[in-house]
Amino acid sequence: MTHFRPTSILAGLALATSVFAMNAHASDPTTPPVPPVFPAEGKIKYVARDSIEEFKALPEYHEPDWVTEKFVKTGKLPPVKDRLPKEPLVFKTGNMPDGTGVYGDTLRHVIGGRPEGWNYGAGQSQGWGGIDIGLSECLTRTAPLFQVEAKDTEPLPNLAKSWDWSPDGHKLTMHLIEGAKWSDGYPFNADDVMFYWDDEVVDPNVSPLNGATPETFGVGTTLKKIDDYTVEWTFKDAFPKQYLYAMAYGTFCPGPAHILKPQHPKYSKNTYEQFKNAFPPEYMNMPVMGAWVPVEYRPDDIIVMRRNPYYWKVDEKGNQLPYLNELHYKLSTWADRDVQAVAGSGDISNLEQPENFVASLKKAAQPDAPARLAFGPRLIGYNLRMNFSANGWGNPDERSQAIRELNRNEDFRKAVTMALDRKAIGDSLVKGPFTAIYPGGLSSGTSFYDRNSTVYYPFDLAGAKAELAKAGLKDTDGDGFVNFPAGTAGGKDVEVVLLVNNDYTTDKTLAEGVVGQMEKLGIRVVINALSGNQRDDANYSGRFDWMVQRNATELSSVVQNTEQLAPIGPRTSWDHRAPENGQVDLMPFEKDLVDIVNKFTSTQDNDKRAELMKQFQKVSTENVYNVGLTEYPGALIINKRFSNIPQGTPIFMFNWAEDSIIRERLWVAADKQGKYELFPQQLPGKPGASGPIN
Ligand code: GLA
Ligand code: CA
């Protein structure tokens, strides 16, 4: 396996800074400059989609010896063959970078988020960093598709082991894995799927964490149970294969109905708030379909997860996965995740905050460095998003309502985008060939990106001020900040509240850059920095004027979370949702975006889809639907002792690297295993019990 040598990029840094040309002072829209070549991008080894996994029974199955000795032989657990489904999911050896593995060791994560509780289906965050991704298993899986050629790309089977379309393409029958069990041994079946659909997605009082709504699966779509292992979808469109992506992480990952249902208001005396909070972080051994189960939680310290004895995936030799016995989630900061990963006290990080690039590269370049570091494509991007609802989403006061009206004014948006010096913004994060000028719209790293369809309004402060005047804004009291026209918001200075995630240095650096550059334009921006969970709540409930947002998957993959590209439903977009009992008050160009996205979803022809995304990019960037700030590549940092890390894994594409690397297949050679297990030879206990059993 080849990994690029960090030394070479360090040597190239000084030189690379000089290749930037200054922007010409022209206010005419143009295409964005060609991004600087980034020399260190890891090479992906492309494979056929069907070479990754299959479902079949194997002649024999194995588990760690201590599980057999301590749990099976003592009657605490049934034999492994009886804990596995009829036909487990089998990872093919040919697709494993280092082949089948051995049992043992721990993967030590560090995260900056904090758990709200375990009720993912009711919208609770577990603190991110891949913890929820590991707990959830979804009908389909898309993260590993980064290694599949685009033409061959269709979501992989997962909890749905196969599916067939009716001849007219309006019905999709999904066959669920048969005989799989939750981590507490309770059978998984169509009732879990139906509970998620009926009582979490369709019930308007519940919002699953990653924002699944009925429209995520198409307006008018229905789902019904046929039998214990069969469910049937009915769609308005014919063959909307696009929705197979919505059935992957994070929008179709059912929770344990046998535990959740008794707490849901429809089946209990609970309120919706009580339902949401019924499984606080202290609740241990929450049943999961994922490879590890949370068994220990120490606030601001650690979450420990142990192997799921009922996990339903195996290797070709019949070894029950995962190979790793334990997972740690140290509760620290996101910046510390990079520091610990390069130092070797943590095992994995998505190097995504450019402020840490140079120090991390230097550490990783040392000959005895414990971790390797590999960059991927330029898929990390940031946008400034404006709240486009003028009909009440988030209950704005008079000032905020006046800002929303401005946000809906094209001249105003042009003024904002033209006042941004994106070269300076990029350099404020890191110097070198990392950051690129990003006008907004699709990320330049996706296969759907077309530079010639991208409209860029170059930095031009004088031109920006002229646009602001066109929007009717003047500084009437001479304090340097433009005022609302008399009669609007008391004619006061225009003051924009910018929602920012306080957990990331990069988000704060970018926000400060925006404040400074808007000041030069004559707009006062005030930062509202909240912790990640609170920031997300403010976003979803519409309590913001503008926000700094790290791009989500719809912009890095297009096919994943496509519904978030435009306000196609009342609660699908980031920046424009319906107020309660209301509709989304779409602007004309947003209607065009919605049409394009809907056509994209219902179209099978790849050339037509590519063409539609060119149109999307044009309409979106021409109208400044979102205001791009910067984009750059991220790097995966992973401790050298781990085997089976796919070459060139991007930290973000269809999903985050934590899923793309397929953690259940990772292993550590016996002579390299660390002594990190906090609960050696122990397994998860009963749901709600205070810890593991031994
Ligand atoms: C956070 C981190 C990302 C990634 C995701 C996974 O957002 O910043 O790098 O780990 O969590 O959900
Ligand atoms: Ca003023």
Side-chain angles (χ1 to χ4, degrees), residues 107-115 120 125-136 138 143 209-211 248-251 253 290 327 329-338 340-341 346-356 360 376 379-382 399 465 468-469 472-486 488-496 501-507 518-519 521-524 531-533 535-536 539 548-553 556 560-561 632-638 649-661 663:
L107 179 64
R108 298 166 302 161
H109 291 269
V110 175
I111 54 174
R114 292 295 180 272
Y120 177 96
S125 153
Q126 284 79 60
W128 307 107
I131 180 164
D132 59 306
I133 303 176
L135 299 169
S136 329
C138 319
L209 182 61
N210 279 283
Y249 177 86
T251 40
C253 316
L327 235 61
Y329 272 88
K330 299 194 213 183
L331 305 174
S332 179
T333 66
W334 294 113
D336 190 41
R337 180 172 70 168
D338 300 337
Q340 293 214 34
D347 288 323
I348 179 169
S349 185
N350 299 328
L351 181 65
E352 60 193 358
Q353 300 196 75
E355 295 93 328
N356 286 351
S360 305
L379 283 170
I380 307 295
Y382 274 88
R399 179 202 55 79
K465 286 186 172 167
L468 207 56
L473 298 178
K474 275 203 261 334
D475 177 14
T476 49
D477 52 8
D479 64 354
F481 292 108
V482 294
N483 295 64
F484 285 113
T488 304
K492 287 190 200 134
D493 282 345
V494 170
E495 187 177 289
V496 179
N501 190 330
N502 203 28
D503 296 350
Y504 293 90
T505 320
T506 307
D507 295 53
M518 288 301 112
E519 189 175 327
L521 175 64
I523 293 179
R524 176 180 286 142
S531 77
N533 294 338
R535 180 229 166 259
D536 292 348
N539 176 5
V548 168
Q549 193 202 33
R550 190 177 65 190
N551 288 348
T553 26
S556 66
Q560 191 71 55
N561 295 58
Y632 51 82
L636 179 66
I637 309 178
I638 181 95
T649 310
I651 66 162
F652 191 53
M653 195 182 275
F654 297 94
N655 198 353
W656 288 98
E658 290 91 338
D659 201 25
S660 307
I661 58 173
R663 278 176 292 186

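In each ligand, atom 1 is the first atom listed, and ligand 1 is the first ligand listed. Values reported hereafter were calculated over all heavy atoms of this structure, with side chains retained and with hydrogens, waters and symmetry mates removed. Position 1 is the first residue of the sequence, and the numbers go up from there.
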List ligand 1 atoms under 4.0 Å from Tyr504, heavy atoms only on the residue side. 1 (C), 2 (C), 7 (O), 8 (O)

For the residue pair Asn356 / Asp338, report whether a side-chain donor-acceptor contact shorter than 3.5 Å exists. yes

Is the closest side-chain donor-acceptor distance between Ser125 and Asn533 under 3.5 Å? yes

Mind checking the CH2-CG spacing from Trp334 to Asp507? Nearest 0.5 Å is all I need. 11.5 Å

Separation between CG (Asn483) and OG1 (Thr476), nearest 0.5 Å, reads 3.0 Å

Decide whether Thr251 and Asn210 meet the rule of one side-chain donor and one side-chain acceptor closer than 3.5 Å. no

Would you check if Met518 and Val496 make a side-chain contact, meaning some heavy-atom pair closer than 4.5 Å? no

Can you say whether the rings of Tyr120 and Tyr249 are parallel (under 30°), tilted (30 to 60°) or perpendicular (over 60°)? tilted

Kindly give the atom name of the N, O or S atom of Asp477 closest to the Ca ion (ligand 2). OD1

For atom 12 (O) of ligand 1, grab the closest protein heavy atom and report residue, atom and distance to one decimal in Å. Trp656 CD1, 3.6 Å

For residues Gln126 and Tyr329, determine if any side-chain heavy atom of one lies less than 4.5 Å from a side-chain heavy atom of the other. no

Can you list the ligand 1 atoms lying under 4.0 Å from a non-hydrogen atom of Glu658? 4 (C), 10 (O)

Look at atom 7 (O) of ligand 1 and say which protein heavy atom is nearest, naming residue and atom and giving the distance to 0.1 Å. Arg550 NH2, 2.6 Å

Metal proximity, Phe481 vs the Ca ion (ligand 2), N/O/S cut-off 3.0 Å: yes

Where ligand 1 meets Asn350 - atom numbers and elements under 4.0 angstrom, heavy-atom basis: 3 (C), 4 (C), 9 (O), 10 (O)

Would you say Thr476 reaches the Ca ion (ligand 2) with an N/O/S atom under 3.0 Å? no

Would the distance check show the side chain of Arg399 and the main-chain N or O of Val494 forming a donor-acceptor pair, the cut-off being under 3.5 Å? no

Measure Arg337 to ligand 1 on non-hydrogen atoms and call it side chain, backbone, both or neither using the 4.0 Å cut-off. side chain

min-distance N/O/S atom, Asp493 vs the Ca ion (ligand 2), resolves to OD1

With respect to Gly129, determine whether any N or O atom, backbone or side chain, lies less than 3.5 Å from an N or O atom of ligand 1. yes

OD1 (Asp479) to the Ca ion (ligand 2) to OD1 (Asp475) angle, given to the nearest 10 degrees: 90°

Nitrogen or oxygen atoms of Glu352 and ligand 1 under 3.5 Å apart: yes

Pairwise distance CD1(Ile348) to CG(Leu327) - rounded to 0.5 angstrom: 9.0 Å

Gly130 heavy atoms, cut-off 4.0 Å: which ligand 1 atoms fall inside? 6 (C), 12 (O)

Does ligand 1 have a heavy atom under 4.0 Å from the side chain of Trp334, from its backbone, from both, or from neither? side chain

